[in-house]
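This is the structure, below, for whatever I ask next.
Just so it is clear, the model here is predicted, and its values are computed rather than measured.
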Amino acid sequence: MTDQSFPKSFHLRKQAEFDRVFASRAYAADDYLIVHGCVNDLAWSRLGLSVSKKSGNSPERNYWKRSIREAFRLSRSELPVGIDLVVRPQKGAQADSLTIQRSLPALVRRLAKRLKIPAANARQEDTR
């Protein structure tokens, strides 16, 4: 069984870390999410959230944040490693947990291709 915890070492926490991700200008987007990213020198990927008041009132913004964190936590085993991510909702999109869980891994894989992260760097689940 894979570890599905979400310790603080998997969070982007400092403004300089967010600035570095946005400065890389690499992103992938769909109708629900925009994922910005840059390469880090760690053996894991880290997540930062940017959910503005344009995304809705406080309960809606909190639902976005909880859903994105949960999607990251559950799909961590299938995501490429060594990427710092900043995820934000697409303007006008409605938060839907299942859609976010499908969208996030696909966007991160597309972003990894743009960042030229080798396929060998991607984690693979055990197949029986």
Shortest non-hydrogen pair, Gln90 vs Asp30, comes out as NE2-O, 2.7 Å

Please check if the side chain of Ser67 supplies one atom and the backbone of Asp96 the other of a donor-acceptor pair under 3.5 Å. no

Looking at Trp44 and Ser9, would you say the former's side chain and the latter's main chain have a donor-acceptor pair under 3.5 Å? yes

Can you tell me if Ser24 uses its side chain to pair, donor with acceptor, with the backbone of Gly37 under 3.5 Å? yes

Any side-chain heavy atom of Arg20 sitting closer than 4.5 Å to one from Cys38?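 Arg20 reaches Cys38 side chain to side chain.
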
CZ on Arg73 to CD on Gln101, rounded to 0.5 Å: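 So the gap between those two atoms works out to 9.5 Å.
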
Can you name the closest pair of heavy atoms from Tyr63 and Ala95 and give their distance?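 Minimum heavy-atom contact is CD2-CB, 3.3 Å.
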
Value rounded to 0.5 Å, distance of OG in Ser45 from CG in Leu111: 9.5 Å

Trp64 and Ala93: which non-hydrogen atoms are nearest, and at how many Å?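 The answer is CZ2-O, 3.5 Å.
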
Can you tell me if Glu70 uses its side chain to pair, donor with acceptor, with the backbone of Arg66 under 3.5 Å? no

Locate the shortest heavy-atom distance separating Pro80 from Arg109; write the atom from each residue and the value. CD-CG, 4.4 Å

Measure the spacing between NZ of Lys91 and NZ of Lys54 and express it to the nearest 0.5 Å. 5.5 Å

Arg46 side chain to Asp84 main-chain N or O, any donor-acceptor pair under 3.5 Å? no

Donor-acceptor pair, distance only, cut-off 3.5 Å: does the side chain of Arg114 make one with the backbone of Tyr27?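 Yes, Arg114 side chain to Tyr27 backbone: donor-acceptor pair under 3.5 Å.
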
Determine the sole option in Leu85, Ile100, Val87 for which the side-chain contact (heavy atoms from CB on, under 4.5 Å) test with Phe72 is passed. Leu85

Main chain of Ala71, side chain of Ser75: is a donor-acceptor contact present, judged purely on distance under 3.5 Å?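 A pair under 3.5 Å: yes.
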
Supply the atom-to-atom distance Leu47 CG to Leu12 CG, rounded to the nearest 0.5 angstrom.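 Nearest 0.5 Å value for the CG-CG distance: 7.0 Å.
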
Are Leu33 and Phe10 connected into the same hydrophobic cluster when the rule is that any two of I, L, V, M, F, W, Y join if their side-chain heavy atoms are below 4.5 Å apart?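 As far as the 4.5 Å side-chain criterion goes, Leu33 and Phe10 are connected within one cluster.
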
Closest approach of Ile117 and Val81, non-hydrogen atoms and distance? CG2-O, 4.3 Å

Assigning hydrophobic clusters by single linkage (Ile, Leu, Val, Met, Phe, Trp, Tyr; side-chain heavy-atom cutoff under 4.5 Å), is Leu115 placed with Val35?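 Yes, because Leu115 and Val35 connect within a single hydrophobic cluster, where side-chain heavy atoms sit under 4.5 Å apart.
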
Give the cluster check for Val108 versus Leu42: same hydrophobic cluster or not, with ILVMFWY residues linked at side-chain heavy-atom distances below 4.5 Å.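 In one cluster: yes.
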
Measure across Leu49 and Phe18 and return the closest heavy-atom pair with its distance rounded to 0.1 Å.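 Minimum heavy-atom separation between Leu49 and Phe18: O-CE2, 3.7 Å.
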
